[in-house]
Amino acid sequence: MKNLQAKKHMMTAIAYLIPFVASSGMLMVIGNIFGGTSVEALNASTSLPDLLTTLGGTALGFIPIIISTGIAYSIADKAGIAPGVVLGLLCKVDGYGFLGGLVSGFLVGYLTKWLLKVIKVPKWVQGLLPQLILPLLVALIVGTAMQYVIGVPITWLTNTITNMLMSMQNNPGAAVMFGLVVGVLSAVDYGGPINKVVFTFAAGLLSEGIGGPIANLIQASMIAPFGLTIGYFISRGTGKTLFSTKEVDALKSAFVMGCFQITEGSFPIILNDLARITICTALGAGTSGALIGLFGVSSSVPSGGFLALPGLNKPLEWLLALLVGSIVFAIALQFLKHKPEEQAVEAEENIDLDGLTFSEF
C-alpha cells in the first residue's frame with residue numbers, strides 16, 4: 001500500500017513537470033528555429049530568439065525544483081511547498097539533479113506530514129505552524145542531511161549514470177541496446193506511468209546535457225499512430241480487411257496528433273486489440289530506438305514531435321529511425337492485428353488527406 005502511495009505522489013509531481021518541461025522545450029524550439037543561442041546575461045539588447053532559447057534552457061535546469069515541490073505538496077499539502085522549493089533549489093545548485101529532487105521531495109513531504117501530527121503548539125501559534133515553523137524546521141533538517149549525508153551517494157550515483165551513458169553513446173553496441181530498451185519502455189503503455197517515468201528520467205538527463213534518451217522517447221511516442229497509418233495503407237494494397245470504418249475515421253485524427261507526439265488519438269484503434277497492437281508497438285519502437293542509439297541522435301528539446309526537429313543534432317537520421325520503426329510496426333500489424341467485428345470496410349473508403357483537421361484535439 002505504501003508503494004502505491006509513493007507511486008501516486010511521484011505521478012502527481014510528474015503531472016506538474018510535464019507541462020513545465022514541454023513549455024520550456026518549445027521556447028527552445030522556437031528560439032532555435034530563428035537562430036537563437038543561449039546567452040549568459042540577458043539585457044535590453046538581447047534578441048528575441050536568444051531570449052527564448054535562454055529562457056527555455058534555464059527553465060529546464062529547474063527540473064529538480066519542480067519534482068521536489070510536486071512530491072512534497074502531494075504528501076503534505078501546502079505545508080510542503082516552501083521546503084520543497086528550497087530543497088529542490090539545493091539539488092539544482094549542488095548538482096544532485098532530478099534524482100536528488102526525487103529524494104528530497106519524499107523526505108520533505110513525509111517529515112512535514114509527521115511534524116504536523118506530533119508538534120503541539122498554543123492556538124495563537126497554530127497559524128504560523130504551516131507557514132513559518134514547519135518550512136523552517138524541515139528546510140534545516142532535510143537541507144543539512146542532503147548537503148552532508150544523503151547528497152554524497154546521490155552525487156556519486158548521478159555521476160556514475162552520466163558517465164555510463166556517455167560511454168554507451170561512444171560504444172555503438174551498448175548504445176544500440178540502450179536505445180532499444182528506452183524505445184520500448186517509452187512506447188508500450190502509450191503515455192501511461194512507464195512512459196512518464198522514462199520521460200522524467202530522460203528530461204533529467206537532458207538537464208545534464210545528455211539528449212539521446214529524450215530524442216528516443218519523442219520518436220517512440222510517434223510510432224503507434226504512424227505505424228497504424230502505414231499499416232492501413234499496406235492492408236489496402238494487399239486487400240486485407242484490418243480496419244473497421246470507425247477505425248479508419250479515428251486514424252485521420254490519430255495521424256495528425258501523432259505528428260505532434262500525441263499518442264492518444266490512436267486509442268480508439270489500440271484498445272480494440274490492445275495485446276496484439278502493443279506487441280507491434282514494442283517491435284517498432286525497439287527497432288527505431290536501436291537506430292537512434294546507433295546513429296547517436298540527441299535532442300536539446302524535450303518534446304514536440306516534428307516541431308522538435310530544429311533541436312535535433314541529426315534530424316535526417318531521426319526521421320529515418322522513425323520511418324523504419326513505423327514500417328516494422330506496420331508489417332507486424334499485418335500478421336497480428338485482429339480483424340474488426342465489422343467484417344468489411346467499404347471498398348471506396350479511403351483516407352482523404354484534405355479532410356484532416358485539428359478539431360479533434
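Small disclaimer: the values here were computed from a predicted structure and weren't measured. FYI, the numbering just counts along the sequence from 1.
Side-chain contact between Phe243 and Leu228 is present, with heavy atoms from C-beta onward closer than 4.5 Å. Between Val86 and Leu90 the shortest side-chain heavy-atom distance does not fall below 4.5 Å. At least one side-chain heavy atom of Ser299 sits under 4.5 Å from a side-chain heavy atom of Ile218. Put simply, the side chain of Leu319 reaches to within 4.5 Å of the side chain of Phe306, judged on heavy atoms. Side-chain contact check for Phe226 versus Cys259: some heavy-atom pair is nearer than 4.5 Å. Looking only at side-chain heavy atoms (C-beta outward), Ile270 and Thr281 stay at 4.5 Å or farther from each other. The shortest distance between side-chain heavy atoms of Phe201 and Leu217 does not fall below 4.5 Å. Considering only heavy atoms from C-beta on, Leu137 comes within 4.5 Å of Ile119 through its side chain.
Without hydrogens or angle criteria, Thr144 side chain to Leu140 main chain gives a donor-acceptor distance under 3.5 Å. Put simply, the side chain of Asn195 never gets that close to the backbone of Asp189: no donor and acceptor are under 3.5 Å apart. Proximity of a side-chain donor or acceptor of Trp318 to a complementary backbone N or O of Ala215 within less than 3.5 Å is detected. Under a 3.5 Å cut-off, the side chain of Asn272 and the backbone N or O of Pro268 do form a donor-acceptor pair. Judged by distance alone, with hydrogens and angles left aside, the side-chain atoms of Asn216 form a donor-acceptor pair with the main-chain N or O of Gly179 at under 3.5 Å. Looking at Thr263, its side chain does come within 3.5 Å of a backbone N or O of Ser221 through a donor-acceptor pair.
Separation of atoms CG (Leu107) and CD1 (Ile150) is listed at 4.5 Å; rounding is to 0.5 Å. A distance of 10.0 Å separates OG of Ser303 from CG of Leu206, quoted to the nearest 0.5 Å. In this structure, CD1 in Ile223 is found 10.5 Å from OG in Ser186, a value given to the nearest 0.5 Å. If you take CD on Gln5 and OH on Tyr110, they are separated by 7.0 Å, rounding to the nearest 0.5 Å. Taking CD1 from Ile81 and OG1 from Thr69, the interatomic distance works out to 8.0 Å, rounded to the nearest 0.5 Å. How far NZ of Lys337 is from OH of Tyr232: 12.0 Å, rounded to the nearest 0.5 Å.
Hydrophobic clustering keeps Val184 apart from Phe178 (ILVMFWY residues linked when any side-chain heavy atoms are closer than 4.5 Å, directly or through intermediates). Placement of Ile141 and Trp114 within a single hydrophobic cluster is found when ILVMFWY residues are connected by side-chain heavy-atom separations under 4.5 Å, directly or transitively. Following chains of ILVMFWY side-chain contacts shorter than 4.5 Å, one can reach Leu185 starting from Met11, so the two form part of one hydrophobic cluster. Follow the hydrophobic side-chain contacts under 4.5 Å out from Leu323 and you never reach Val176; the two are in separate clusters. Under the 4.5 Å side-chain heavy-atom criterion for Ile, Leu, Val, Met, Phe, Trp and Tyr, Leu320 and Ile230 are members of distinct hydrophobic clusters.
The side chain to side chain donor-acceptor pair (under 3.5 Å) analysis of residues 129-142, with sequence neighbours excluded, yields no pairs.
Geometric assessment of Lys240 against the ring of Phe335 yields a positive cation-pi assignment under the 6.0 Å and 45° thresholds.
Applying side chain to side chain contact (heavy atoms under 4.5 Å, CB included) to Leu242 and the options Glu247, Gln334, Arg236 leaves one that passes, Gln334.
The shortest heavy-atom contact between Gly305 and Gln261 is N-OE1, 3.3 Å. Gly296 and Asn313 get closest at one heavy-atom pair: O-ND2, 3.2 Å. Residues Pro225 and Ala254 share a closest heavy-atom pair of CB-O, 3.4 Å. In terms of heavy-atom proximity, Ala72 sits nearest to Gly84 at CB-CA, 4.2 Å. For the pair Ala224 and Ser266, the tightest heavy-atom approach, listed with the atom from each and the gap, is C-OG, 4.2 Å. Nearest heavy-atom pair, His9 versus Ile71, reported as atom, atom and distance to 0.1 Å: O-CG1, 3.9 Å.
Remark: Thr54 pairs with Ser38, Val39, Leu42, Thr58 by the side-chain contact (heavy atoms from CB on, under 4.5 Å) rule, at least two apart or across chains. Shown here are the salt bridge (charged side-chain N to carboxylate O under 4.0 Å, His left out) partners of Asp50, two or more places apart in sequence or in another chain: there are none.
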key: Val324/Ile327 under side-chain contact (heavy atoms from CB on, under 4.5 Å): CA gap, chis, key distance, verdict   = CA-CA 5 Å; Val324 172; Ile327 292 175; 5.8 Å; no
Hey, mind stepping through Lys8 and Ser74 against side-chain contact (heavy atoms from CB on, under 4.5 Å) and telling me if it holds? CA-CA 8 Å; Lys8 169 183 171 293; Ser74 178; 4.0 Å; yes
What side-chain donor-acceptor pairs closer than 3.5 Å can you find for residues 95-106, not counting sequence neighbours?
| residue | atom | partner | partner atom | Å |
| --- | --- | --- | --- | --- |
| Tyr96 | OH | Asp94 | OD2 | 3.3 |
| Tyr96 | OH | Met146 | O | 3.2 |
| Ser104 | OG | Ser68 | OG | 3.1 |
| Ser104 | OG | Gly100 | O | 3.1 |
| Ser104 | OG | Gly101 | O | 3.1 |

Under 3.5 Å, which donor-acceptor pairs do the side chains of residues 13-29 form with other protein atoms, sequence neighbours left out?
| residue | atom | partner | partner atom | Å |
| --- | --- | --- | --- | --- |
| Ser23 | OG | Pro19 | O | 2.9 |
| Ser23 | OG | Phe20 | O | 3.0 |
| Ser24 | OG | Phe20 | O | 2.8 |

Solution key, residues 285-295 side-chain donor-acceptor pairs under 3.5 Å, sequence neighbours excluded:
| residue | atom | partner | partner atom | Å |
| --- | --- | --- | --- | --- |
| Thr287 | OG1 | Leu283 | O | 2.8 |
| Ser288 | OG | Gln219 | OE1 | 2.8 |
| Ser288 | OG | Gln219 | NE2 | 3.2 |
| Ser288 | OG | Gly284 | O | 3.2 |
| Ser288 | OG | Ala285 | O | 3.1 |

